[in-house]
Colleague: 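Here's a structure for you.
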Amino acid sequence: MNQSAPAVVVFGSLHYDIIVRGPARPRKGETIAGQSWQPKCGGKGGNQAVAVVEAGARCVMVGAVAADDFGRTLLQNLDDQGVDRRFVRVISGGSSGMSVAIFDGEGDYGAVIVSGSNLMLSERDVAAAQDAFAAAAVLVLQNEVPDAANVAAAQAAKRAGARVILNAAPGRIPSPALAAAVDIIVVNAIEAELLAGVPVVESLQGALAAARILSRSYPAAIVTAGGEGVACVTASGEEIAIAAIKVKLVSTHGAGDAFIGMLAASLAGDDLLAVALDKANRAAAELVSRPLPGAAIAG
Ligand SMILES: OC[C@H]1O[C@H](O)[C@H](O)[C@@H]1O
């Protein structure tokens with residue numbers, strides 16, 4: 001890979017994921033027997049960084065892990081996947097971020113994250129990664145780190161002339177300073193409801209309606225609608241709706257991250273937004289049709 005090519009910088013979360021598969025997600029007060037569990041390196045930031053590299057672009061990750069076993073595994077994984085992790089800070093004390101996802105029998109899941117060292121990311125990490133921001137074509141942010149850290153990263157990227165993508169996941173309304181620095185906001189239907197302030201139906205039309213509302217506040221708004229597709233509306237009035245590619249669903253875990261990684265890589269390569277969206281839609285379809293990396297441990 002051309003090391004002098006403009007890079008995608010992913011600023012954000014790294015989690016050690018535990019994936020549990022059961023016949024269904026437990027209801028309140030219910031205990032059910034699962035079929036398997038599986039450890040995996042993740043965090044929306046980590047997944048997006050790997051997806052950028054898989055899409056063929058150069059990626060620099062800026063994040064934080066603790067000096068613990070999870071942290072060491074997360075760093076090793078970034079190395080193995082070809083992500084430049086010189087600017088991932090190792091914090092002595094505390095714990096690395098982690099997440100537990102519980103799958104139902106259909107390939108869908110619900111998850112809880114415990115952020116740990118991700119919450120230590122700050123302006124200081126942005127300053128330390130100045131060289132990465134200066135060479136960035138695209139910056140990718142998520143909501144698994146403090147908003148103030150995202151503001152510092154977004155402003156540094158803007159100064160360097162980079163485009164800023166905010167994946168507002170988990171749902172959190174961006175501060176005015178962050179919103180002002182975002183070029184493209186990407187949300188799913190649940191997050192769109194929070195940001196748009198209206199109910200959002202998970203359909204292509206529902207996504208389009210939500211994207212229209214969000215485009216009043218952002219230069220471009222992308223709303224993903226799970227297995228239905230994706231809609232994008234720009235502040236200048238361009239509207240793009242792409243139906244999802246129908247595939248056999250294996251696992252939705254990280255589908256949004258695969259979408260964003262490809263979107264960022266494509267835009268960094270100077271593709272038009274419509275082209276980048278089409279590629280991202282295909283990357284998400286490919287991701288949901290394959291098993292998660294690593295081995296599952298049967299119960
Ligand atoms: O989008 C999936 C990711 O969300 C959570 O951050 C998990 O860590 C997981 O890897």
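All ligand and atom numbering here is 1-based and tracks the order in the structure.
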Colleague: How close do Ala284 and Ala255 get, counting heavy atoms only, and between which atoms?
Modeller: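 Looks like CB-O, 3.9 Å.
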
Colleague: With ring-ring contact (aromatic ring centres under 6.0 Å, His included) as the rule and sequence neighbours excluded, what pairs involving residues 209-228 come up?
Modeller: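 Sorted pair list comes back empty.
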
Colleague: With atoms numbered from 1 as shown, which atoms in ligand 1 lie under 4.0 angstrom from a non-hydrogen atom of Ser99?
Modeller: 7 (C), 8 (O)

Colleague: Of the non-hydrogen atoms in Cys232 and Ile222, which two are nearest, and what is the gap between them?
Modeller: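 Result for this residue pair: SG-CG1, 3.8 Å.
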
Colleague: Report, in ascending order of atom number, the atoms of ligand 1 lying under 4.0 Å from any heavy atom of Asn47.
Modeller: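 Reading through ligand 1 atom by atom, the close ones are 2 (C), 3 (C), 9 (C), 10 (O).
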
Colleague: Would Gly43 count as a contact of ligand 1 if the rule is a heavy atom under 4.0 Å away?
Modeller: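 The answer is yes: ligand 1 sits under 4.0 Å from a heavy atom of Gly43.
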
Colleague: With atoms numbered from 1 as shown, which atoms in ligand 1 lie under 4.0 angstrom from a non-hydrogen atom of Gly42?
Modeller: 10 (O)

Colleague: Verify the cluster assignment for Val145 and Val88: are they in a single hydrophobic cluster under the rule of side-chain heavy atoms below 4.5 Å apart?
Modeller: no

Colleague: Heavy-atom contacts with Glu144 under 4.0 Å: which atoms of ligand 1 show up? List them by number with element.
Modeller: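 What qualifies from ligand 1 is 4 (O), 5 (C), 6 (O).
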
Colleague: Near His253, which atoms of ligand 1 are under 4.0 Å from a heavy atom of that residue?
Modeller: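 Listed by number with element, the hits are 9 (C), 10 (O).
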
Colleague: What residues form a salt bridge (Lys or Arg N to Asp or Glu O under 4.0 Å) with Arg159, not counting sequence neighbours?
Modeller: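 With sequence neighbours excluded, Arg159 shows a salt bridge (Lys or Arg N to Asp or Glu O under 4.0 Å) to no residue whatsoever.
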
Colleague: Counting non-hydrogen protein atoms only, what is the nearest one to atom 7 (C) of ligand 1? Give residue, atom name and distance.
Modeller: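 I find the closest protein heavy atom is Asp17 OD1, 3.4 Å.
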
Colleague: Any idea which protein heavy atom is nearest atom 4 (O) of ligand 1, and the distance to it?
Modeller: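 Of every protein heavy atom, Lys44 NZ, 3.1 Å lies nearest to atom 4 (O) of ligand 1.
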
Colleague: Suppose we measure from atom 2 (C) of ligand 1 to each protein heavy atom; which comes out shortest, and what is that distance?
Modeller: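 Among all protein heavy atoms, the one nearest atom 2 (C) of ligand 1 is Asp257 OD2, 3.3 Å.
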
Colleague: Specify whether Tyr16 and Phe70 have parallel, tilted or perpendicular ring planes, treating 30° as the upper limit for parallel and 60° as the lower limit for perpendicular.
Modeller: parallel

Colleague: Hydrophobic cluster membership, with links at side-chain heavy-atom distances under 4.5 Å among I/L/V/M/F/W/Y: are Val223 and Leu194 in one?
Modeller: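 Cluster IDs for Val223 and Leu194 match.
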
